[in-house]
Every structure is written in structure tokens, then in C-alpha cells.
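Below is one structure; the comments refer to it alone.
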Amino acid sequence: MLPKAYDPKACEDRIYTLWEGSGAFKADAASKKESFTVSMPPPNATGQLHLGHAVMLALEDIFIRFARMCGKEALWLPGTDHAAIATESVVIKKIQKEEKIADPRAKYGREKLVAKIAEFVDFSRGTIRSQVRKMGSSCDWSRERYTLDSSLNRCVNEVFKKMYSDGLIYRGQRIVNWDPKMQTTVSDDEIEYVEEKVPYYTFQYGPFQISTARPETKFGDKYVVMHPDDERYKQYKDGDTFECEWINGKITATVIKDDKVIDPTFGTGCMTITPWHDMADFDLAERRDLPREQIIGFDGRLLPIAGEFAGMSIEEARPKVVEKLKEKGLLTKVDENYVHRVAVSYRGKGIVEPQIKEQWFIDVNKPAVKWKKKHLSLKQVMQDVIRSRDIAIIPERFEKVYFHWIDNLRDWCISRQIWWGHRIPVWYKTSAKGTDMHVGALPPDGTGWTQDPDTLDTWFSSGLWTWSTLIDPKLAGNLDLSLEDLLAKSPDFQKFHPTTVMETGYDILFFWVARMILMTTYATGQIPFKTVYLHGLVRTRDGKKMSKSDPSTCIDPLEIIPKYGADALRLSMIVSQSPGNDFRLYEEKIAGYRNFINKLWNASRFVLMQCEKAGIKPQDIPAEFSTPNSQLSIPDRALLSSLQRLVADVTDGLTKYRLSEAGERLYSFVWDYFCDWYLELSKGEANVSVLVEALRTIVHLLHPYCPFVTEELWDSIKPKGVGLLIKEPWPVAEGGRLDPVPEGKFELLIKVISAIRSLRVEYGVSPGAKIPAIVHVAESDKFLLTYSQHFLRLANINELTVSAKAPAHCQGMVSAFLNGVDVHLSLEGVVDLEKTKKNLEAERAQLQKFLAGVEAKLGNERFMNSAKPDVVTLEQEKKASAQEKLRKIEERLKAF
RNA sequence: GGGUGGUUAGCUCAGUUGGUCUAGAGCGUCUGGUUUACACCCAGAAGGUCACAGGUUCGACUCCUGUACCACCCACCA
């Protein structure tokens with residue numbers, strides 16, 4: 001007999017070992033079954049798992065277990081990410097703190113520091129592996145990958161080479177975000193803005209007034225820019241020069257008229273430019289071919305151009321520069337209430353300074369990608385795969401966000417001046433003739449070649465994640481094979497790519513999801529995944545972000561799991577929340593689902609007790625339910641038919657990734673219907689075969705959600721000779737036990753009423769009481785169903801709830817309150833049907849006219865030739881939605 | 001400045017083609033229950049103008065327009 005309460009601690013680890021040993025997690029590339037692949041977003045190998053990971057693991061495990069039970073070849077590939085800057089900065093901080101070394105990079109040198117980081121990462125990866133197991137994740141450990149694996153490195157190098165030879169990767173002097181603290185570039189997406197109140201100065205600059213919050217960058221400013229239409233500066237022409245007194249003496253300045261960078265309504269309407277340290281100024285300087293000068297060094301200190309201020313830090317120099325200008329009488333105004341936004345590195349937390357530096361870039365605008373027989377730019381491919389529905393995003397609204405991001409996308413700077421990561425596969429050799437360059441993993445023959453010291457942006461390698469992990473590591477070592485060969489000859493890639501669904505938090509849609517689309521379509525010619533499922537972020541009870549720095553608000557999954565069980569934690573993060581929306585998690589919520597699991601546990605105990613009472617072993621009850629209809633009571637039949645509907649609903653929900661809905665449905669079915677109604681009824685007289693059948697089905701349906709407890713229960717109720725639940729086939733809704741009422745305008749209603757009547761008589765149920773009925777109203781005509789309620793009220797029938805898809809707690813029941821009055825059906829007085837009909841017909845005519853217009857447009861050759869593809873798609877979408885609407889109206893009109 | 005989401009019971013949230021809703025769940029509150037599956041429970045109750053104002057419709061939490069507040073994302077002012 002089962003113990004009185006479910007104890008997750010006693011079961012979970014044991015069951016996980018059982019699963020792992022059974023080979024259930026392991027996918028087979030040779031299988032004939034349809035594949036279902038999920039690439040686990042690799043957690044950063046920097047420390048511990050947090051709730052964000054727990055959400056991800058729970059969701060993906062549900063997808064995978066469901067797919068596996070549905071008979072698909074399910075692969076969930078786990079792994080970890082080396083997380084370049086994040087890891088390096090964590091380790092450097094650790095060394096600084098533990099070993100009291102100010103500059104670990106200088107002290108250890110490249111090789112030793114990398115070795116130290118690797119050691120730290122190895123340890124972290126071990127921790128992460130065991131934590132992933134704790135959540136019950138059924139991933140294929142035999143295929144575990146790490147972004148720095150040699151086979152992944154091979155892919156990185158191959159893609160770099162391919163992009164370079166296609167002219168998509170170039171090296172150039174460009175303005176980048178420089179983190180002086182970490183001494184590296186960071187990408188646009190890795191920047192956060194912090195608001196700061198700083199004084200805002202206005203200075204006299206020749207005849208003009210210019211304003212700035214950063215006077216310390218103004219040493220080299222020799223151009224003053226204004227809008228060409230600005231009446232105030234009408235007398236100045238583009239190219240005019242003038243002498244003026246400035247920080248370190250007299251300079252000659254030039255007037256520039258430009259309509260792109262200047263907002264004439266802002267401030268004085270003119271500004272000076274600092275191309276080396278400002279993105280917008282750099283663009284202008286590029287356009288007009290203006291000189292640039294570096295003012296601030298890469299160490300964050302002023303350069304000799306600053307004269308007496310050279311060597312000072314920004315904080316130190318700023319007041320001194322202001323003081324000097326003030327003494328010269330050039331300071332005209334100070335605004336103390338100015339709010340300025342300072343760019344801060346997301347990882348290193350240093351203040352970011354734009355700098356011009358030689359870096360490697362990926363060109364996102366060059367039409368060098370072959371996609372669907374066209375030559376497109378990387379940007380265009382990224383747009384096409386979403387627009388053409390090759391990839392669907394859940395929830396859909398993120399498509400808009402995605403498109404908006406692509407519109408603003410600039411060339412991607414991929415080089416980083418750190419040591420931890422994939423080294424850029426480029427070699428240089430300097431001789432008297434100049435510098436030779438070679439792109440490849442290995443240097444060419446001969447001496448004197450040195451490798452580029454930089455590493456690649458971590459997203460370069462994670463952008464390859466869905467497929468580089470499927471490359472056969474044995475083949476990856478063979479340098480004679482091309483990238484195409486590697487793809488073609490790797491069985492895993494052939495079987496499991498494109499992956500089925502990419503599940504991740506919406507916060508890394510740009511960082512990662514977009515880059516996987518970019519890199520994968522380019523490198524393999526395939527989309528990386530068919531569906532993107534974005535989950536919301538976990539928040540605290542007060543709606544704040546969970547942060548590790550504040551443990552009082554932060555829930556640690558590792559403390560929760562021993563206390564409430566992994567199953568309860570999983571449910572609390574899945575049920576009653578919707579994709580893409582943040583949700584709050586707190587202990588009471590988790591406890592609530594622990595209670596549910598306990599309820600299920602005790603319901604099972606009850607069923608087992610009934611079996612014992614009846615002298616029947618559950619093991620002897622065959623898997624196939626075979627009790628004849630004649631031996632079933634009305635409640636039995638009601639339960640079985642609603643069980644069928646439950647199977648259909650849950651299957652449908654899981655197929656459409658509506659996990660919360662399906663989970664709620666199960667929760668309510670088990671508690672409100674199965675336990676509170678059917679089990680209570682069974683205390684009088686129990687039908688053991690029905691009880692066991694129901695429980696078995698429930699346990700199957702719940703298994704993806706709470707795998708541990710269901711597996712444990714399955715052991716007590718499974719038929720003889722059957723193995724683990726994880727390997728069981730998914731239940732199928734047969735519908736054979738139902739008698740759907742045939743459709744018909746009034747027939748339906750009459751059938752319902754007469755069925756209730758006969759049941760009431762047969763079982764002697766008094767009016768007002770709920771009665772279980774086998775009347776199953778087919779999901780047919782909601783319009784009619786609603787009208788039927790009007791009719792009934794008109795006919796003095798107090799209340800009748802007719803369910804097409806009944807609320808969970810009255811599944812299979814029709815609650816009726818009849819007062820014995822004969823039913824006369826009449827349409828009069830309820831609604832003005834004539835008016836409705838007229839309205840519908842008018843709407844139909846309008847739609848038909850519109851549709852004809854759109855069709856004519858699409859049939860017009862000149863339009864099709866001249867219009868942009870976007871416009872055509874839009875027209876087609878309009879057509880489709882109009883057709884859909886028209887179809888619905890036709891359907892409604894049929895009811896008249 | 002551009003965009004997205006939210007606003008539903010005291011709290012946290014579901015509610016996908018407008019008709020299951022005459023609006024649900026969990027927690028909390030109140031009343032009553034040791035009926036041997038479960039007190040991590042059972043029976044029941046109170047509690048909502050579904051932010052606000054218009055519109056479309058026979059019918060709107062659901063669609064449209066506008067307003068307010070909150071949150072987030074992107075761009076950015078020199």
C-alpha cells in the first residue's frame with residue numbers, strides 16, 4: 001500500500017536514474033519515426049541554475065515527453081555555453097578577490113588564465129548537469145554539447161571562412177562600444193542605459209552657442225553643424241570657416257549644414273561633432289569624409305591632444321575643462337537638472353565609451369545569401385523566414401518586435417578583445433612588403449604567422465547551436481571535409497534538423513533567436529527551428545525581477561525542490577500563465593500545486609483500496625478497457641465519456657503549445673470532477689475497472705507535467721508486463737462511447753430536452769438537482785445553442801445549461817431545471833431575425849465587393865510587377881482574411 | 001520620440017475564431033464538518049459596473065476608436 005502522503009524526496013532521484021537507465025531519453029538517428037527536436041538553450045557555464053532555467057526546463061520537458069509518448073523520435077539535446085565575457089569577468093573578479101591580484105590578465109598571461117577559466121567552467125558544468133536532472137529533464141545526455149567543443153569550433157571556423165569568402169565578414173575601422181573596464185568591445189545589444197543627472201553646459205563657440213554634457217571630449221571639435229533650413233543661421237554657408245577661441249587656444253572651425261543629424265528645435269540648434277566618440281557624429285563624418293581624432297584612450301584617460309589635461313580620467317577632467325572655459329568667459333549657461341543616459345556594459349558593468357577601432361564585422365546588407373533561389377542579404381533572409389511563416393513565433397506579437405529590431409540592425413561587430421572564447425581564425429605575417437593575411441583554422445606553411453589575438457562574440461558560436469551540436473564529432477576532426485560534407489554525412493543533422501521548437505525567454509529574442517536564424521539559414525540553407533516559443537520572466541511576489549544579489553526575494557529552485565518536489569515547482573510555473581507574459585512566483589503558489597499532487601496521490605490510494613476490497617489486482621486489469629456498456633452505470637458512462645473529451649482537449653492543447661490551458665483542464669478534471677464527484681459516488685458502489693481505467697488515463701495525461709509522481713503511481717496501477725510510463729503511448733480519444741446528437745436546427749434542442757426528461761424519469765431525479773446525462777451535445781452550432789436559451793426562457797423553463805464544450809466540473813452532465821411546462825418553440829420576441837439577416841447580407845455584399853477589388857489587383861500584371869513583395873503579401877493577407885470572414889457569414893446565414 | 005503588453009474578486013492570475021460566461025481558478029476571509037483516499041481535506045458563503053468613455057452587433061471581458069495609469073522594449077537630443 002502507498003504511504004499516506006507523497007514524498008518527492010524519496011522518489012525523484014530514484015526515478016530519474018530509472019528513466020536514464022531505461023534508455024528512454026536517448027534518441028535514435030536511424031529511427032523511421034517522425035523526429036521531434038528541441039535544442040536546449042545552453043545555460044551559461046558560470047554558476048548555478050536559477051528559476052529562469054527551471055521554467056525553460058519544465059516547458060521543454062513537457063514538449064519532449066508529450067512528443068515521445070505520441071510516438072515521435074524525440075531528441076532533447078542538452079548543453080552549456082562558454083559565455084565569453086560573462087565567464088571571463090566572473091573568473092577575473094574571483095581571482096582579484098581570492099588571490100588579491102589587481103590585474104589577473106597581466107599576472108597569468110593568456111594561456112594560464114584561459115586554463116584557469118576552463119577549470120572553473122568544468123566545475124560549473126558539473127553543477128549544472130546535476131541541477132538539470134533535479135528538474136526531471138528527460139534530455140539525451142549522450143549528446144551533451146558545449147559551445148567550446150572541438151566539433152563546434154570546427155563549425156565556427158568553417159562558417160567564418162565561408163562568410164569571409166562570400167564577402168560577408170570584413171575588417172574595418174568602425175565605431176564600436178568600448179568597455180574600458182573589461183578592455184573589450186561589446187555589441188549594441190549588450191548595453192544598458194542608466195539615467196544620471198549631470199550638469200549640462202552651454203559654451204560660446206565662435207559666433208555660435210553649443211551645449212554638451214561632456215565637455216571633456218570637445219578638444220578636437222573643429223566643425224559646427226546646423227540645419228540648412230534654420231533661419232537663425234541663414235547668413236552662414238556650408239564650408240564657411242572662422243577663427244575661434246577654444247579650450248587650448250585658437251582654432252579654425254568649419255560650418256557644416258546637414259539635415260539628417262540636427263533637430264533645429266532642440267537647444268541652440270547647432271552642435272560640434274566628435275566623430276571618434278559618438279555614433280551619430282561618426283556617421284556624419286563618414287558621409288562627409290571628415291577627419292576623426294581620438295580624444296580618450298582605451299584605458300579611459302585623456303590623450304595628449306587634451307594638452308594640460310592629458311592623462312586625466314573623465315571624472316577628473318570634466319570639472320577642470322569647465323573651469324578653464326569659464327575663466328576664458330566662454331561658459332554661458334549651466335543646466336543642473338539635465339538627465340543624461342549613460343551607456344553601461346551589460347556584462348562587465350563598466351561605462352561604455354564609443355571608440356573607433358579595427359574590428360571584424362558581419363555585413364547584414366550585402367545580398368550574398370542564396371535563399372529560395374534568390375540572392376538576399378542576411379537581413380532579408382531573417383525577414384523572409386518569419387513573413388513566409390517558415391518560422392512561427394508564439395506569442396505572435398513578438399513578430400512585430402522582431403521586424404522592428406531587424407529594421408534598425410547595423411553590421412554586427414563580432415570580434416572581442418578577451419581571451420575566453422573561439423579565437424578568430426585569421427593569421428597575419430608582417431614582412432617588408434606589408435602584412436599578409438590568411439583565413440583558416442591553421443596557419444599556412446612557413447614561419448612567422450601569428451593568429452589574431454581576438455576572440456569571437458559568444459553569440460557567433462551560439463548562433464550555430466541548433467546544428468553544430470548535431471555534427472558528428474568523429475567527422476569534425478577530418479579537415480578534408482567541407483562544411484557541406486559535414487552536414488550531409490552527419491546522421492543526427494540529417495534526422496533531427498531543422499529542430500521543431502525553440503523555447504526560450506523573450507529577453508533573448510534578439511541576442512540569440514535572431515542570430516540563430518541569421519547564422520543557420522546562411523550556413524546550412526535550412527531554418528533552425530519551425531516554432532519559437534517565448535516564455536515570460538519569473539518575478540517576485542512584488543513583481544520585481546528576481547536577482548541573485550537579493551536572496552530575500554529570490555527563490556532558489558534547489559531549495560524548493562526538496563521541500564515541495566520538482567513536480568509542484570513545474571506546475572506552478574506552467575499553469576495559469578501565458579507565453580510572453582511575465583509572472584510572479586511565490587511559495588504559496590507552489591504549495592498549492594504540491595497539494596494537488598497530494599490529492600492525486602490520495603485518489604490513487606483510494607482506487608487501490610477499492611481494488612483490494614473487490615479482491616482485484618490492478619495488474620490483472622488489462623490495458624484495453626473492455627467492460628460492456630450494459631455493466632456501466634450512468635455515472636460510469638458519464639465519467640468515461642468526459643474522459644474521452646479530456647483526452648481530446650489535452651492532446652489538442654499540447655499540440656498547439658497551449659500548456660497552461662491543458663494543465664488547468666487536467667487540474668480541474670482531477671480535483672473537481674474525478675475526486676469530488678466520481679470518487680464520492682464510488683463510496684457507495686465502486687466499479688473497479690472504471691476507476692482504474694480513469695486513473696490510468698489521468699496519469700498518462702499528467703505525465704508530461706508532473707513526471708515523477710505519475711511514474712511512481714504508474715508502478716502500482718499498470719497492467720501486467722508493462723514498463724515505465726515515460727515509454728507509454730499517449731491515450732487516444734476514441735469517441736466511440738459517445739452518441740453525438742445529429743445536427744439540425746431545432747432537432748438538437750428537442751433531443752437535449754427529451755433526453756433530460758427521460759433521464760429524470762428513469763432515475764427519479766427531482767427538478768433542480770444536477771443529473772448526470774449521456775446527452776452529449778456536439779460542438780455544432782453555437783449560434784443556435786444560445787438562441788435555444790432564449791427559447792427556453794420564453795417557454796417558462798427556468799434554466800438549462802447546454803454545453804457544447806462543457807465547463808470542466810459538469811463534463812458529461814447537463815444540469816436542468818425544468819418546471820414541467822410544455823416547451824413551445826418560437827422565434828418571435830427574442831430577436832429580430834429579419835434585421836439580423838439583413839445586416840448579414842449587407843455585410844456579405846460589402847465583403848464580396850472588397851474581395852473582388854483585391855482579386856483584381858492581384859490579377860493585374862502591372863501591379864504585380866511593380867509592387868514590392870511586402871505590399872503583395874499584405875494584399876494576399878487581406879484577401880485571406882476577407883475570405884475567412886465571408887465564409888463565417890455564409891455559415892451564419894445558413895441558419896436562417 | 002516609436003513600439004509592445006497590462007489594467008478581470010482583498011492578493012496572484014486564466015479566459016484564441018464575439019454566443020460554454022447569467023464572468024472562473026488558486027490563495028486569503030467567513031460558516032459548518034475528525035462521513036477511515038486526502039486537514040496538503042470536505043460542504044457551503046461572502047466578494048467583480050471585466051480601468052474609463054464612445055462605437056460596431058440580435059449579443060462585447062472578447063472587435064474598433066479615444067482617454068488614463070502601470071510595466072517593458074527600441075531609438076535618441078548634441
Side-chain angles (χ1 to χ4, degrees), chain A residues 2 4-6 188-189 193 200 210-214 225 261-263 265-274 278-281 338 340-341 395-398 400-401 404-405 407-408 506-507 509-510 536-537 539 541 543 564 568 572 575-578 580-586 588-589 591-610 656 658 660-661 663-664 667-668 671-672 675-676 679-680 683 777 779 781-787 789-790 799 801-810 830-837 839-840 843 884-885 888:
Chain A
L2 298 170
K4 203 165 171 179
Y6 171 60
D188 292 347
D189 298 311
Y193 291 92
Y200 187 60
I210 57 140
S211 306
T212 183
R214 303 205 53 192
V225 190
V261 293
I262 276 282
D263 172 10
T265 62
F266 180 82
T268 60
C270 57
M271 66 173 187
T272 60
I273 57 165
T274 316
D278 186 284
M279 304 278 176
D281 295 359
Y338 184 72
H340 180 74
R341 289 172 63 179
E396 217 171 306
R397 67 184 143 90
F398 279 96
K400 260 191 192 169
V401 185
H404 187 248
W405 179 79
D407 289 342
N408 291 315
Y506 66 79
D507 53 331
L509 176 64
F510 308 137
L537 275 31
R539 292 178 175 275
R541 189 197 305 268
Y564 296 101
S572 71
V575 179
S576 212
Q577 56 113 353
S578 42
N581 289 333
D582 295 354
F583 64 99
R584 303 178 193 204
L585 191 68
Y586 38 91
E588 293 94 304
K589 206 183 246 181
Y593 289 101
R594 185 264 325 261
N595 295 354
F596 169 71
I597 283 163
N598 195 242
K599 187 80 182 171
L600 176 72
W601 182 262
N602 277 295
S604 310
R605 288 183 63 217
F606 178 80
V607 171
L608 291 173
M609 280 171 76
Q610 298 305 315
K656 292 179 178 157
R658 282 152 71 161
S660 172
E661 208 172 286
E664 256 175 72
Y667 182 101
S668 155
W671 203 313
D672 304 335
C675 293
D676 288 352
L679 289 192
E680 288 306 321
K683 284 179 179 170
V777 182
E779 197 175 350
D781 195 339
K782 288 184 186 176
F783 181 62
L784 183 65
L785 280 174
T786 309
Y787 273 110
Q789 304 205 356
H790 287 281
E799 217 172 315
T801 315
V802 187
S803 301
K805 207 162 83 186
H809 60 277
C810 52
V830 182
V831 285
D832 187 345
L833 282 179
E834 272 309 307
K835 198 178 158 196
T836 308
K837 197 177 165 192
N839 276 327
L840 282 173
E843 207 175 324
E884 176 68 15
K885 266 188 198 164
K888 277 189 223 162

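What you see is a predicted model, and the numbers here were worked out from it, not measured in a lab. Below, chains carry the letters A, B, ... as their sequence lines are ordered, and counting in each starts from 1. Below, all heavy atoms of this structure are taken into account, side chains as well, without hydrogens, waters or symmetry copies.
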- Message: Over all strands shown, is A:I262 touching base, sugar-phosphate only, or nothing at heavy-atom distances under 4.0 angstrom?
- Response: base
- Contact class for A:R584 vs. all strands (heavy atom < 4.0 Å): base, sugar-phosphate, or nothing? sugar-phosphate
- Grab the NE2-P distance between A:H404 and B:U4 for me, whole Å please. 10 Å
- How far does the P atom of B:U16 sit from the matching atom of B:U7, given to the nearest Å? 12 Å
- Task: Indicate whether OP1 or OP2 belonging to B:C38 is found under 4.0 Å from a side-chain N or O atom of A:K599.
- Result: no
- Are the aromatic rings of A:Y593 and A:Y564 close, with centres under 6.0 Å apart? no
- Provide the distance between the two P atoms, one in B:A37 and one in B:G18, to the nearest whole Å. 47 Å
- Message: Is the phosphate of B:C11 approached by A:K589 (side-chain N or O, under 4.0 Å from OP1 or OP2)?
- Response: no
- Message: With a 4.0 Å cutoff (strictly under), does any side-chain N or O of A:S578 reach OP1 or OP2 of B:A14?
- Response: yes
- Query: If you look at every strand shown and take non-hydrogen atoms under 4.0 Å, does A:Q610 touch a base, only sugar-phosphate, or nothing?
  - Reply: nothing
- Message: Rounding to an integer number of angstrom, what distance separates B:C30 and B:A9 when you compare their C1' atoms?
- Response: 15 Å
- Task: With heavy atoms under 4.0 Å as the rule, sort A:Y667 into base, sugar-phosphate or nothing.
- Result: sugar-phosphate
- Do A:L679 and A:K683 have side-chain heavy atoms sitting under 4.5 Å apart? no
